[in-house]
Every structure is written in C-alpha cells, then in structure tokens.
Amino acid sequence: EMESLGKILSNVTTTVSQTPPRKKSSENTLQALQPQGPDYRTKLRCRVAGVPYPPEMTFAAFEPRPGSELALAACRAMVDADIGWLTLVGEYGCGKSHLAIAAVQERLDKGDWGWFISSGRLLDRWRSWFDDKEIDVTEGFQFDCQVKSLVVVDDLGSERGTEWATERLTMFLDYRYGHNLPTIVTTNYIQGALAQKSGGRIADRVFDTHTGKVKVVFMDCGSYRTG
C-alpha cells in the first residue's frame, strides 16, 4: 500500500515520497487520482507520511502537563532540523507518539517531508518486498535508510525480536545514526531493557548522550489515557 500511494503522490506533487525503486514500471495511472474534494492531495500526503487525516495529533492539540514540557520543546526543534536524533522515553499513553506525529505534520504543513512508522510496521514493509517482484529488496532498503527528511521510528522495542528483525533495524538505525540524519525514536524502555528487546547496538545509539548526536528526553508525565 505504501508503495502504490507513493507512486500516486509522485504524479501530483513534487514532494519526495517514501517509494522505493522498482525493477519495472508500475501499473498505477492518473485515473486513480480522480479528485475527491479540495483536500485530496493533502490526504495522500498524510497517508504516505503515516500521519492521520484530518490532522489530529498536532502541537496545538497537545496539552502540556508537568513532565512533558521538555519533550514538547524538543519535538518542535526537530521540525526544522536537518541533522540530529531525538529519543522520547516514557510509559504507555504519555504522549510520545502524539508529539512525534506533530513534528512530521508540521513539516508537511511547511511543504517539507517526514515519515512516521512504528518499528513493527517498518519490518512488515521490508518483509513484504520479498513477495513483490517489482521491488529490488536491496535498493529499497537502502532507499529507506537514506531518507534525508525527518523519520520517526515509533514504539521501538515492541517488535518481535527475531535475528532478522534485529539485524534489519540495526542496519537501518546505524546508517541514520552514522550519517546524522534527522530521526525521532520513541520507546517505552530504558537503555538496558531496550538492549534486551532490540539489541545492544541499537540501544547504544538510541541512548547516546555523549557524542552530541542524540537528545534523550524522559517523559514522566503519566498517561493521558488513564490520567
């Protein structure tokens, strides 16, 4: 679905989409782009970027409470960032995903690009390519790694920790870390627990507070869902 939407979007806007290279031309046509109201391009942009439409999780809709202010400020700073990482750590429901989505949404509003995806869905995306003869798996993976706009990897540590999954995520995050590409990671786990769930190399990068590449913010504001 992501690939098809990306191809569609590339026909109606100059904005870069998350469409990996294909081995042969797609069957998509402009017939799929019959306007469905004045906001249909915005709908496509949001859908390909992985954020809700109509926009619900915005900075304006976020209600700060004690323990969330630093995360809010850090996510606002990532909107215009060309480099650097931000790691948001906190329990379920504390607003990590909301703030990360808001950062992507604001970039879209400014005519830039961003991509929000959970670690589990990212792995599902890569797995699906093995059954798609139109996609070169190696080139597609490199394409994802090299996205220069803001990428959010949500809920890191929730994925099923197979050897293949750990290897793929490590390679992906290691590339973005090594090239200092703008990245937000959200997780429920502190460093030691994340190392157990997703691997020590990933945790080492996600919680790097010594090189200046990564800003780690702990959200201790409690759950917005349960109060």
Side-chain angles (χ1 to χ4, degrees), residues 2 6 15-20 46 48-51 57 59 70-90 94-110 112-126 140-159 165-191 194-195 197-219:
M2 176 72 75
T15 301
V16 177
S17 68
Q18 300 308 126
T19 311
C46 288
V48 175
V51 298
M57 297 183 183
F59 288 131
L70 289 178
L72 174 58
C75 283
R76 285 189 182 277
M78 290 297 293
V79 171
D80 297 312
D82 294 322
I83 61 172
W85 275 38
L86 171 64
T87 300
L88 299 180
V89 189
C94 69
K96 302 183 302 296
S97 299
H98 182 137
L99 290 175
I101 288 173
V104 172
Q105 183 64 59
E106 189 142 323
R107 285 182 78 114
L108 295 180
D109 292 344
K110 291 185 173 185
D112 200 344
W113 191 249
W115 187 24
F116 177 93
I117 191 166
S118 69
S119 60
R121 288 188 62 195
L122 189 58
L123 290 166
D124 287 344
R125 169 179 166 85
W126 296 332
F141 182 74
Q142 291 174 347
F143 179 91
D144 281 359
C145 291
Q146 295 168 8
V147 171
K148 296 193 184 317
S149 296
L150 176 63
V151 172
V152 175
V153 179
D154 189 48
D155 214 9
L156 185 63
S158 65
E159 70 281 350
T166 299
E167 177 189 81
R168 290 285 98 180
L169 282 175
T170 299
M171 292 173 64
F172 175 77
L173 292 171
D174 190 54
Y175 183 93
R176 297 194 64 79
Y177 174 88
H179 290 79
N180 207 17
L181 294 172
T183 306
I184 297 176
V185 173
T186 78
T187 183
N188 299 320
Y189 299 99
I190 60 174
Q191 183 173 356
L194 184 64
K197 298 287 291 187
S198 300
R201 289 183 63 192
I202 288 178
D204 184 65
R205 285 148 181 77
V206 168
F207 284 92
D208 170 18
T209 57
H210 297 290
T211 65
K213 286 186 177 182
V214 183
K215 182 179 182 65
V216 180
V217 177
F218 292 87
M219 299 181 67

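Owing to the predicted nature of the structure, the values given are computational and were not obtained by experimental measurement. Reckoned from all heavy atoms, side chains included, excluding hydrogens, waters and symmetry mates.
- Atom OG in Ser118 sits 7.5 Å away from atom CG in Asp124 (nearest 0.5 Å).
- The distance from the CG atom of Leu99 to the CE atom of Met219 is 5.0 Å, given to the nearest 0.5 Å.
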Yes or no on side chain to side chain contact (heavy atoms under 4.5 Å, CB included) for Val51 and Met57, after CA distance, side-chain angles and deciding distance? CA-CA 8 Å; Val51 298; Met57 297 183 183; over 6 Å; no
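- Residues Leu122 and Trp115 are in side-chain contact: their nearest non-hydrogen atoms beyond the backbone lie under 4.5 Å apart.
- A side-chain donor from one of Ser97 and Asp154 sits under 3.5 Å from a side-chain acceptor of the other.
- Side-chain contact between Tyr175 and Gln142 is absent, with no heavy-atom pair separated by less than 4.5 Å.
- Between atom CE of residue Met171 and atom OG1 of residue Thr166 there is a gap of 13.0 Å, rounded to the nearest 0.5 Å.
- Here Phe59 pairs with nothing under the ring-ring contact (aromatic ring centres under 6.0 Å, His included) rule; sequence neighbours left out.
- Partners of Tyr189 by ring-ring contact (aromatic ring centres under 6.0 Å, His included), not counting sequence neighbours: none found.
- Side-chain contact check for Asp208 and Trp85: no donor-acceptor pair (N or O, by modelled atom type) lies under 3.5 Å.
- Expressed to the nearest 0.5 Å, how far CG of Leu86 lies from NZ of Lys96 amounts to 12.5 Å.
- For Asp174, the side chain to side chain contact (heavy atoms under 4.5 Å, CB included) partners are Arg201, Arg205, not counting sequence neighbours.
- Residues Arg125 and Asp144 form a side-chain contact, since some pair of their non-hydrogen atoms from C-beta on lies under 4.5 Å apart.
- Ala71 and Leu88 make their closest contact through CB-CD2, 3.9 Å (heavy atoms, listed as atom of the first residue, atom of the second, distance).
- Counting all heavy atoms, side chain and backbone alike, Leu123 lies closest to Arg168 at CD2-CB, 4.1 Å.
- Few gaps surround NZ on Lys213; more than 12 heavy atoms of other groups in view lie less than 6.0 Å from it.
- Legend: residues meeting salt bridge (Lys or Arg N to Asp or Glu O under 4.0 Å) with Arg107, ordered by chain and number and at least two apart, are Asp112.
- At least one side-chain heavy atom of Val104 sits under 4.5 Å from a side-chain heavy atom of Leu150.
- Interatomic distance, CD1 of Ile117 versus CG of Asp155, reported as 12.5 Å (0.5 Å rounding).
- Looking at Trp113 and Val48, their side chains come closer than 4.5 Å, going by heavy atoms from C-beta outward.
- Taking SG of Cys94 as the start and CG of Asn188 as the end, the distance is 7.5 Å to the nearest 0.5 Å.
- We find that Lys110 and Asp80 are joined by a salt bridge, their nearest charged nitrogen and carboxylate oxygen being less than 4.0 Å apart.
- Taking the side chain as every heavy atom from C-beta outward, Leu181 and Val151 never approach each other to under 4.5 Å.
- Here the side chains of Val216 and Gln191 are not in contact, with every heavy-atom distance at 4.5 Å or above.
- Residue Gly157 comes nearest to Ser119 through the heavy atom pair N-OG, 4.2 Å, listed as atom of the first residue, atom of the second, then distance.
- For Ser198, the side chain to side chain contact (heavy atoms under 4.5 Å, CB included) partners are Leu156, Glu159, Leu194, Ile202, not counting sequence neighbours.
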Full working for side chain to side chain contact (heavy atoms under 4.5 Å, CB included) between Gln105 and Phe116: CA-CA 9 Å; Gln105 183 64 59; Phe116 177 93; over 6 Å; no
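- Taking all atoms of both residues into account, the shortest heavy-atom contact from Ala81 to Pro182 is O-CB, 3.8 Å.
- In terms of heavy atoms, Gly114 sits closest to Ser149 at N-CB, 4.4 Å.
- Listed by chain and number, the residues in a ring-ring contact (aromatic ring centres under 6.0 Å, His included) with Phe218 amount to none (sequence neighbours excluded).
- Using a 4.5 Å heavy-atom threshold, the side chains of Trp126 and Leu169 count as touching.
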